[in-house]
Amino acid sequence: VTVSLYTMTKSSAILFILLFSLLFKLEEMRVTLLLVVLLIAGGLFMFTYKSTQFNAQGFVLVLCASFLGGIRWTLTQILMQKAELGLQNPIDIMFHLQPLMFLGLLPLFAVFEGLPLSISEKLFRFHEAGMLFSLVGKLFLGGILAFGLGFSEFLLVSRTSSLTLSIAGIFKEICILFLATHLLGDRLSLLNWLGFAVCLLGISLHVVLKAMNSKGDCFKSLSLSLSDPDLQLLLRHPQQAEEEEEVVETPQQH
């Protein structure tokens, strides 16, 4: 599967995430939300139009991965945003989920990469210690980067939503496509560039709407806190508070 076909199919995860978010009532059905998703999906389709070599097997595999990814991140959001579970911290969720993910990938690793790795001269049958240390260092660096990526993804889901994570991932895929067209020499038509602009428009619209909603939530929480009687008493002018106390005490003295 070419880069553009893989990117277009993989980015369909945003549609599955939106579907499961609506089913699990994590998102409300809003016209602006549908507009953002349609802009991004339509922009990706236009951006990759007539620039792919279709492969049915690869298409089905990537589509299944997008479907499962939609379920995964939606359920992850449910786990991390339920206060009674105590999994709001990304380290906590990684501590519980990463071992299960490791066990799920271990059989695939053993089947597809276990034998070549076990007979490789770079690891188990090495002749030079420097080659072994170099490989172990690269694996260690890759592990640190993977840990940082997982931490940032879980942190983003805990603070925002799985839909926001998907949109951030689509922006990354667009950057990959953009670099691939320059490094691999592919030419983009006017329709492809228009789709690129439409996709960026959808992402920008989502960012603006998120910022407006966050500001509205801040004002709402502030107004609720200001309506607290105890806080209102503290915010009153001291002289006004003394006068009110005198008015209350006067009837009591009579």
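Note that the structure is a prediction, hence the values are computed from the model and not measured. Numbers for residues simply follow the sequence, beginning at 1.
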Nearest 0.5 Å, what's the [atom1]-[atom2] distance between [X] and [Y]?
X: Ser162; Y: Phe16; atom1: OG; atom2: CZ; value: 14.0 Å
X: Asp92; Y: Leu97; atom1: CG; atom2: CG; value: 10.5 Å
X: Glu113; Y: Leu105; atom1: CD; atom2: CG; value: 10.0 Å
X: Leu26; Y: Leu18; atom1: CG; atom2: CG; value: 11.0 Å

Connected via hydrophobic side-chain network under 4.5 Å: [X] and [Y]:
X: Leu155; Y: Leu145; answer: no
X: Leu103; Y: Val111; answer: no
X: Leu149; Y: Leu141; answer: no
X: Met29; Y: Leu33; answer: yes
X: Leu63; Y: Leu61; answer: no

Qualifying side-chain hydrogen bond (donor to acceptor under 3.5 Å, both in side chains) pairs with a residue from residues 196-208, counting only residues at least two apart or across chains: Thr164-His206
side-chain hydrogen bond (donor to acceptor under 3.5 Å, both in side chains) partners of Gln81, counting only residues at least two apart: Gln77
If every non-hydrogen atom of [X] is compared with every non-hydrogen atom of [Y], which pair is closest and at what distance?
X: Glu28; Y: Leu22; answer: C-CD2, 4.1 Å
X: Ile17; Y: Gly70; answer: CG1-CA, 3.5 Å
X: Met80; Y: Gln88; answer: O-CG, 3.2 Å
X: Gly150; Y: Met94; answer: C-SD, 4.2 Å

What pairs with [X] under side chain to side chain contact (heavy atoms under 4.5 Å, CB included), at least two apart in sequence or on another chain?
X: Leu23; answer: Leu19, Phe20
X: Ser134; answer: Lys138
X: Leu100; answer: none

Worked verdict on Thr160 versus Leu165 for side chain to side chain contact (heavy atoms under 4.5 Å, CB included): CA-CA 8 Å; Thr160 57; Leu165 174 68; 5.9 Å; no
All pairs passing ring-ring contact (aromatic ring centres under 6.0 Å, His included) where residues 130-175 contributes a residue, at least two apart: Trp73-Phe154
Inter- and intrachain pairs under ring-ring contact (aromatic ring centres under 6.0 Å, His included), touching residues 88-114, at least two apart: none
Using distance only, find each side-chain donor-acceptor pair of residues 35-45 under 3.5 Å and give its atom names and separation, not counting sequence neighbours.
none

